[in-house]
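Throughout, protein chains are lettered first and strands after them, A, B, ... in sequence-line order, and every chain is numbered starting at 1. Excluded from the calculations below are hydrogen atoms, water molecules and symmetry mates; all remaining heavy atoms, backbone and side chain alike, are included.
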Amino acid sequence: MSSVAATTETAEHGHHAHNDDLLALLKAAPFWSTDHKVIGIQFMMTTLLMLMVGGALALGVRWQLAFPWENMPFFGALVPATAGGQIPPEFYTMLFTMHATVMIFLVIIPILAGAFGNFLIPLMIGADDMAFPMLNALSYWFMWPAIACFGCSFFFGGGPAAGWTSYPALSALSQAAPGSGHAQTFWLLGVTFVGFSSMMGSINYMTTIINMRAPGLTLFRMPLTIWSMFITAILQAFALPVLTAAGFMLVTDRILGTCFFVPAGLIVNNADPTVGGGQTLLWQHLFWFYSHPAVYIMLLPAMGMVSDMLACMCRKPIFGYKPMVYSMSAIAGLGFIVWGHHMFTSGMNPALGMTFMISTVMIALPSAVKVFNWIGTIWGGKPEFNVVFLNCIAFVSMFIVGGLSGIFMAAVPVDIYIHDTYFIVAHFHYVLFGATLFGVFGAIHFWYPKMFGRYMSEGWGKLHFFLTFVGFNGTFFPMHLLGVAGMPRRYADPYLYPYLEHFLPMNQFMTICAALMGFAQFILIGNFVLSWFFGKKAGRNPWNANGLEWATPSPPGHGNFDIPPVVYRGPYEYANPDTEADFWPQTQPPNPAT
Amino acid sequence: MKWFWCLFFAFWPIVAIVVCLLAPGNNWWFPGEAASPLGRRIDDLFYMILWITSITFVGTQLVLAYVLFKGASDTEPGTANEKAWFSHGSHKLEVIWSSVPAVILLFIAFYQLDVWAEYRVKDAFPRKRMEAVFERIHQDRQKNDSLALAEVTARQFEWRIRYPGFNADGTLKALMPDPQPTDLYAVNDLHLPASAPVMINLRTQDVQHSFFLPELRIKQDAVPGLVIPIWFEADQQRSYQLLCAELCGWGHYKMNARFVAESDEQFIEYLRQLEREQNEDRVDDAPDTDEEE
Amino acid sequence: MICLISGCGGQPEFSHSEKFQTLKPYAQIYVDQVLDNYFGSPSDMVAWDKLPLELHYGQGTVVEASGRMLTVELQAPHAEITAGTEVLWDSGILNDKDSAWILEWDEAKHQAKLESPLATNPEVGDAVILGPGQILATGRMLYAEHCQHCHGVAGDGNGPTAPYLNPRPRDYRKGIFKFTTTQSSKRASREDLSRIVEDGIPGTYMPSFKLLTEDEMTSIIEYVMWLSMRGELENQLIGLLADSYSVEAVEDRIAGGDETSDTIHQEFIDAVNDPDSFPFEVDTIVSRFTSEWVSSQEPDAEVQPLTPRTPSSDESIAKGRELYLKPSLKCAQCHGEAGLGDGSQTFAVSKDAAGQDNLTPGLYDTWGNLVKPRNLHSGIYRGGRRPIDLYSRIYAGIKGTPMPAFSSTLLRKSNPEDSGSEMTDEDIWHLVNYIYSIPFEDVKAGQGGSSIANPVKDANTASEEDSEEVAVN
Amino acid sequence: MFARFQLQFVLLLTVAIFSGCTPQFRREKTEVKSASDVVIHFDDLSSSNNSEETPDEAATPATTPTAGNESTTATTPKKEMVAATTTSKPDVAKQAPTTTGYTGPAKFVGRVVVKGDVPLFSALLAKGAATKDMFCSEMAVPNETVISKDGGLGNVFVYMKKAPRKGVPEYSGEPFVVNQKGCIFIPHAQIVRVGQPFILKNSDPVAHNVRYNGFASQFNDTVVSGSTDGLTKVIEFPERLPAGMVCDFHNWMSAYVLPVDHPWAAVTDADGNFEITNLPEGKWDFVIWHEKALYIERSFKVTAAPNTLIEKVFEVNASKLSQ
């Protein structure tokens with residue numbers, strides 16, 4: 001990524017002296033850099049690339065659901081099928097497995113924590129760089145072995161076909177799923193590498209945030225973005241080792257013949273009966289102990305960033321700063337004790353189910369508080385309806401839907417019915433795509449001037465937003481109805497079942513919307529790349545924002561701050577009647593007159 | 001332009017609600033009314049939550065639309081205030097909008113407990129009514145025999161069903177945990193008495209599956225290594241869809257089966273027929289009542 | 001994006017059998033043309049009247065044409081044709097044009113009303129075919145949906161999913177189906193095929209398709225038979241041509257000195273042209289397998305036990321056990337003395353079809369796959385668990401596999417002196433009874449509890465009540 | 001401002017999807033038609049040759065210059081010309097009919113000999129070999145590649161490739177017997193007429209099964225021990241190549257059977273000699289095939305006329321046998 005950037009930029013160099021500092025950085029170290037900004041941008045490029053890959057995989061899934069057993073255009077030729085381009089069912093399982101894997105492990109988690117976490121944390125707390133720059137660089141470069149492993153698993157050995165949740169015994173027995181021979185092992189190694197990457201990042205973020213804040217930046221003067229990154233880092237540090245360990249156990253089950261997750265006597269694909277005395281439910285407990293907090297890892301940073309953006313765009317202080325911090329902490333804390341709600345139908349102890357149900361219901365509360373506070377923030381603001389603001393509103397609006405549909409799942413008896421149906425798919429896409437990705441799109445437009453010293457195109461940004469929003473709702477809203485109708489997820493052909501036959505047109509509509517949405521992402525990528533060269537130039541503080549990062553040049557040079565920052569107040573002093581301007585940067589010394 | 005966006009955000013919840021209202025009429029809704037008492041209670045719970053969430057959805061989206069319009073009109077040229085409303089929040093509001101949802105959520109949490117208990121907690125199983133079924137179909141059983149009438153074994157990619165066979169005196173045997181020589185077998189076709197709670201033992205031969213009866217709102221994972229009893233009660237004598245709801249490999253979608261609820265007599269007759277078919281030796285004059293081992 | 005969506009993938013094609021590539025290009029083209037003419041492609045199938053398929057089509061003529069509404073009268077009454085049946089134009093101006101669907105059907109007069117599909121109207125007297133290969137079309141659709149990804153477009157058992165399956169999906173192109181209740185020299189009957197589709201094959205990845213309707217089942221069966229015949233014609237035709245027109249054969253012949261590639265090519269074209277040569281061979285091949293398929297559907301093709309099943313008793317089981325171990329029957333040679341499927345033959349090196357030693361020791365079937373003799377303890381009976389199924393397995397063997405037919409042993413009854421190795425119908429029933437008893441050996445011995453037939457139990461070690469504890473607690 | 005463009009775009013996309021790629025499958029009408037007359041496109045057949053065969057032609061200098069002319073001449077005269085060139089070739093002299101002293105219908109006699117060092121064949125099963133079958137290991141089971149002292153190769157099939165359409169005598173002879181004795185099939189190579197009763201016997205005290213693995217038909221039957229009557233099978237369909245026959249109980253046991261629909265076929269004896277009599281008049285293609293050497297001659301042309309005796313010695317390279 002950055003090498004391309006460096007070479008192309010060299011040509012432009014003379015004309016754009018403004019970009020000098022960052023370009024110098026990129027030129028000096030096209031690949032390897034320990035500068036947090038370069039790493040952040042590297043993360044951004046990689047994840048945007050992966051976003052396209054994951055989207056293409058999803059379109060494969062959608063194709064099969066809309067036109068089952070039809071020959072697939074374009075991708076059909078790549079499918080190892082004798083049936084021309086028909087997606088065989090085992091390839092379908094690989095498609096959705098890899099879609100989830102890429103989107104979760106290679107897009108959402110790294111774009112939030114990796115790209116924005118890296119870029120923003122030192123800038124927003126007034127530090128020169130991360131506490132451990134080398135570790136930081138490693139956390140990026142550990143992404144690539146992970147990508148390689150996932151790639152290997154997909155293209156060699158048949159592809160992992162046990163879903164991203166990889167429940168044993170399907171994932172533990174190499175005969176159980178097609179291609180789970182080496183593919184599943186590669187997949188687990190990939191997850192482990194991603195785990196390393198995240199772990200390095202999270203240690204770094206915690207240390208940096210605790211130790212390297214600028215003078216005067218007390219904990220409760222930190223922007224909510226930093227709070228959310230901090231809480232995310234804690235979540236990651238405590239939940240991730242569980243998954244990594246469980247992944248290792250599963251690898252040993254697969255290649256060393258241990259039986260942590262495999263009970264005795266299973267006969268799969270005519271192999272000899274298994275001998276072990278393991279428990280498949282153990283994997284589910286361990287997996288969800290990580291993966292439920294992971295849902296918040298995939299959400300909290302977006303919540304933090306949206307809070308900052310909303311305040312700035314509405315020219316108004318955030319409504320209820322402390323309740324926001326507390327509710328984020330509450331989400332994180334409760335997030336550790338709700339994993340069991342993924343297992344209500346798995347036959348675990350019903351009393352345990354009741355406990356999990358109550359904690360799950362209660363986790364809706366801090367989320368609700370946050371939504372109310374965002375609305376409170378917009379209330380009485382003077383918003384400029386630009387791309388950033390629109391994406392933030394979309395975030396709030398979609399998060400309401402995702403949050404409310406979560407309540408259905410929290411109710412155990414209802415969950416019995418909608419578990420593993422498209423209702424769940426709708427729910428988590430509303431949260432992870434509808435909320436998080438709209439937040440991310442907003443954040444890309446918001447911080448782009450800081451990254452590259454130029455604005456992204458407003459018009460193309462709005463077109464992208466419009467298409468994505470329409471496409472997104474057209475794709476995922478009908479999924480609620482599919483879920484209520486009892487259409488199970490991960491079905492290659494739901495129309496075998498008479499009670500689902502009439503959903504074919506709806507699925508076709510959804511697929512068209514999904515294609516529209518996929519197309520819209522090319523606009524984003526185009527806008528992102530072209531604005532780098534042709535965007536309107538931006539100054540230090542293009543949005544008239546208060547945060548510390550806007551006190552640096554755009555883009556910031558190595559070491560970030562040309563004037564060492566001192567913090568005098570919180571980050572949300574917009575529209576303060578005491579000041580002349582409607583914003584009051586954190587670094588501006590108090591007016592001696594008042 | 002900003003008015004367009006205000007309308008845009010106000011418009012989409014309306015579309016969402018219209019779609020939801022149209023859904024039942026277009027058969028985009030539950031696969032029929034719940035066909036069991038437990039299913040109806042689950043549906044009631046669903047509708048209750050649907051009401052609460054719908055009101056919340058409408059409320060929050062309305063407020064969101066309102067604040068957007070307000071923001072748009074406040075930024076019109078010539079509005080009174082040059083700056084936005086300067087407010088860091090309101091303690092009172094925070095308390096209100098924390099405690100009201102908390103009360104509602106806790107209500108939902110406790111309201112559903114007994115439905116869950118009835119479905120899963122062993123002590124709450126309708127044991128008496130199950131035993132009445134055994135009486136009616138003349139099952140010869142000991143006190144500790146299984147309450148289940150059939151054992152459903154999921155495998156890639158079908159449901160194999162095992163029923164107990166008949167005694168020499170014509171009574172039905174009890175279902176034993178292990179296969180018996182007299183057992184009767186079927187595949188993808190589960191027959192059980194209707195209008196009474198019936199229990200099956202669910203297990204899997206290979207990977208994890210999930211036993212899903214959408215019309216009865218029943219779902220239970222078949223976990224490798226465990227035998228899980230589940231009970232359900234079908235109101236009407238008809239056939240219901242039975243499918244797998246947990247990813248079990250490439251043929252996950254192929255586990256298409258049916259559950260036929262029928263009268264006690266039909267059930268016994270079905271078992272008799274299975275017995276006859278299973279002892280088919282293609283010699284016409286073979287006495288088909290032979291006790292086979 | 002539009003290109004991506006609208007640029008549809010190609011239509012599915014029948015794949016060629018492995019030997020196809022060894023032929024000279026002109027021979028390949030000939031094979032393709034013959035298959036294309038008689039069978040067509042998946043998207044454009046041909047219902048060939050020589051094949052013994054129940055295609056249920058009728059022939060008729062247009063008797064009345066008023067505007068676009070037509071009346072078609074059938075030559076004979078027909079049970080399968082109703083409103084909605086497809087109609088093709090056999091002659092006249094609509095020949096080779098779109099088909100139409102019957103709107104009304106008069107059972108008594110066997111007349112159908114329908115609307116002309118095009119603006120051009122057929123004339124009175126045009127011949128039409130009603131519902132030709134309707135079953136094939138439905139079968140093809142269902143096959144693509146349910147079967148194709150394992151069994152392949154051409155029924156070669158080599159669909160995309162096939163590499164992951166053990167045992168491999170059946171290759172229909174030999175015309176051999178394993179689990180039948182027909183005599184050893186016969187093919188599968190329709191009833192056998194539909195039972196396999198309905199009940200699946202336990203212990204393999206062939207699942208049960210119980211919920212298909214009867215019509216769907218018929219369609220699939222006819223389509224599978226159609227595919228099987230197509231594959232057989234292809235294989236046999238390639239075998240015929242490979243003798244003289246494979247790349248290797250042509251090289252040989254040129255090396256022989258008498259011929260050049262041109263003369264061989266010309267000879268080939270002559271043979272194609274000569275109705276007594278290749279066309280005649282094609283007819284011979286087709287009539288050969290059609291007669292086999294037809295005779296396999298006859299009632300006397302079925303395995304018919306002479307006596308009813310002997311009731312199972314300790315005595316009968318003991319007798320069966322004795323027969324099982326008898327060297328003159330050799331059951332234990334493959335299935336092992338304990339019935340675990342681990343007999344000595346599973347360790348012996350056998351020869352493949354070309355007479356060469358197989359690399360991996362063990363038993364191989366006609367398709368060249370390593371097969372394991374059944375572990376009789378598993379309680380899984382692939383061909384079905386009815387007594388007649390087990391009887392047929394012993395009596396007629398498992399086609400295409402080393403499991404031989406023991407029907408010949410019944411002939412021994414004609415030689416009453418040779419009582420030592422005689423096997424009677426009752427003996428087969430004793431064996432059946434013994435085989436039924438094997439999974440319950442432990443139970444019989446009064447040990448109760450676990451058996452190999454129920455291995456999950458071992459892990460649990462618990463009675464069901466305990467399991468409930470685990471589950472419900 | 002974008003709204004109109006977007007609307008158009010959505011419409012365009014929808015139209016593209018539904019027109020260009022209508023979901024045919026669910027409502028698919030796979031076209032089925034009746035088989036009309038077979039139309040073979042000779043253009044394809046010949047054109048493919050021209051493109052594919054050019055390098056071959058170049059690589060075979062043996063092609064006579066007349067070849068080009070031949071291919072342009074009409075079909076009927078061409079056949080004669082080919083025949084003429086064939087007979088005029090010098091190596092045809094080897095099989096030149098020796099009419100001297102022979103009277104009667106045409107007769108084809110010959111011998112198959114092994115050229116080169118004859119490899120040593122080990123026994124199929126050594127005496128007392130470790131096998132569970134006590135009986136079969138009582139003595140050594142000999143190898144069945146039969147080579148006489150002076151190099152004659154036995155068990156070679158010599159048969160007319162394709163029977164004439166007319167004038168094939170009906171078969172009315174004895175049933176053919178295959179015995180299994182000493183854990184081998186006797187005879188090892190055999191020719192049967194289609195429809196000829198084919199009796200499988202078993203003189204061993206253990207059971208054998210016979211798995212006949214033909215191209216056109218297959219069977220697999222058990223023959224129990226001491227079966228004196230044997231089991232009668234009938235092979236209905238001819239084969240183009242000898243079909244393998246094995247016993248799955250004794251994996252070394254194999255035999256080859258060639259069902260033919262004419263009487264002009266023979267198997268060489270232990271000395272490698274064969275004799276085919278009563279050849280009808282005409283030009284016939286013969287195949288000479290051995291289980292190890294496979295094709296010895298793929299199509300050996302024999303011109304038969306009354307009072308002709310065709311003699312020919314076929315040579316097989318010994319290395320082909322040891323594979």
Side chain, backbone, both or neither of Ala222(B) within contact of chain A (heavy atoms, under 4.5 Å): neither
Contact class of Met343(A) relative to chain B, heavy atoms under 4.5 angstrom: neither
Selection from Gly32(B), Gly39(B), Ser87(B), Cys6(B) maximising heavy-atom pairs under 4.5 Å formed with chain A: Ser87(B)
Chain B contact via Met324(A) - side chain, backbone, both or neither, heavy atoms under 4.5 Å: neither
Winner by heavy-atom pair count (cut-off under 4.5 Å) against chain B, out of Gly278(A), Gly376(A), Ala485(A): Ala485(A)
Side-chain heavy-atom pair Tyr417(A), Leu45(B) within 4.5 angstrom cut-off: no
Student check: side-chain heavy atoms of Ser405(A) and Phe57(B) closer than 4.5 Å: no
Greatest number of heavy atom pairs closer than 4.5 Å to chain B - which of Ser327(A), Gly353(A), Ser397(A): Ser397(A)
Chain B contact via Pro498(A) - which portion, at a heavy-atom distance below 4.5 Å: both
Under 3.5 Å: donor-acceptor pair, side chain of Gln112(B), backbone of Val412(A): yes
Atom group of Phe465(A) that falls short of 4.5 Å from chain B, counting heavy atoms: side chain
Portion of Tyr326(A) that has a non-hydrogen atom of chain B nearer than 4.5 angstrom: neither
Residue selection (most heavy-atom pairs with chain B, distance under 4.5 Å) from Gly381(A), Pro317(A), Pro488(A), Gly380(A): Pro317(A)
Flag, side chain of Lys83(B) to backbone of Ala581(A), donor-acceptor distance under 3.5 Å: yes
Side-chain donor-acceptor contact under 3.5 Å, His88(B) with Glu573(A): yes
Gln220(B) portion near chain A, given a 4.5 angstrom heavy-atom threshold: both
Residue pair Ile407(A) / Leu105(B), side-chain heavy-atom distance below 4.5 Å: yes
Engaged part of Tyr321(A) at the chain B interface, taking heavy atoms whose separation is under 4.5 Å: backbone
Side chain, backbone, both or neither of Asp582(A) within contact of chain B (heavy atoms, under 4.5 Å): both
Min side-chain heavy-atom separation Val484(A)-Phe46(B) under 4.5 Å: yes
Best-contacting candidate, Ile400(A), Leu482(A), Ile393(A), against chain B by heavy atom pairs under 4.5 angstrom: Ile393(A)
Ala162(A) versus chain B, the contacting section by heavy-atom distance below 4.5 Å: backbone
Portion of Asn386(A) that has a non-hydrogen atom of chain B nearer than 4.5 angstrom: neither
Whether Trp85(B) side chain and Trp379(A) backbone form a donor-acceptor pair below 3.5 Å: no
Phe319(A) ring center near Trp97(B) ring center (under 6.0 Å): yes
Contact class of Glu246(B) relative to chain A, heavy atoms under 4.5 angstrom: both
Centroid separation Phe385(A) to Trp3(B) less than 6.0 Å: no
Leu247(B) side chain reached by Arg489(A) side chain, heavy atoms, under 4.5 Å: no
Polar side chain donor-acceptor pair, Asp221(B) to Thr345(A), under 3.5 angstrom: yes
Side chains of Lys462(A) and Trp5(B) in contact at under 4.5 Å (non-hydrogen atoms): yes
Close aromatic pair by centroid cut-off 6.0 Å: Phe8(B) and Phe469(A): yes
Leading residue by heavy atom contact count with chain A [cutoff under 4.5 Å; candidates Lys70(B), Glu118(B), Gln241(B)]: Gln241(B)
Heavy-atom proximity to chain B below 4.5 Å, by part of Ala394(A): both
Chain A interface, residue from Asp43(B), Leu106(B), Ile42(B), Leu216(B) that has the most non-hydrogen pairs under 4.5 Å: Ile42(B)
Ile416(A) vs Trp116(B), side-chain contact (heavy atoms from CB on, under 4.5 Å): CA-CA, chis, key distance, verdict: CA-CA 9 Å; Ile416(A) 291 170; Trp116(B) 171 238; 3.9 Å; yes
Tyr167(A) portion near chain B, given a 4.5 angstrom heavy-atom threshold: side chain
His502(A) side chain to Asn27(B) backbone, donor-acceptor under 3.5 Å: yes
Side chain / backbone / both / neither for Met357(A) at chain B, heavy atoms under 4.5 Å: side chain
Side-chain heavy-atom pair Gln208(B), Gln284(A) within 4.5 angstrom cut-off: yes
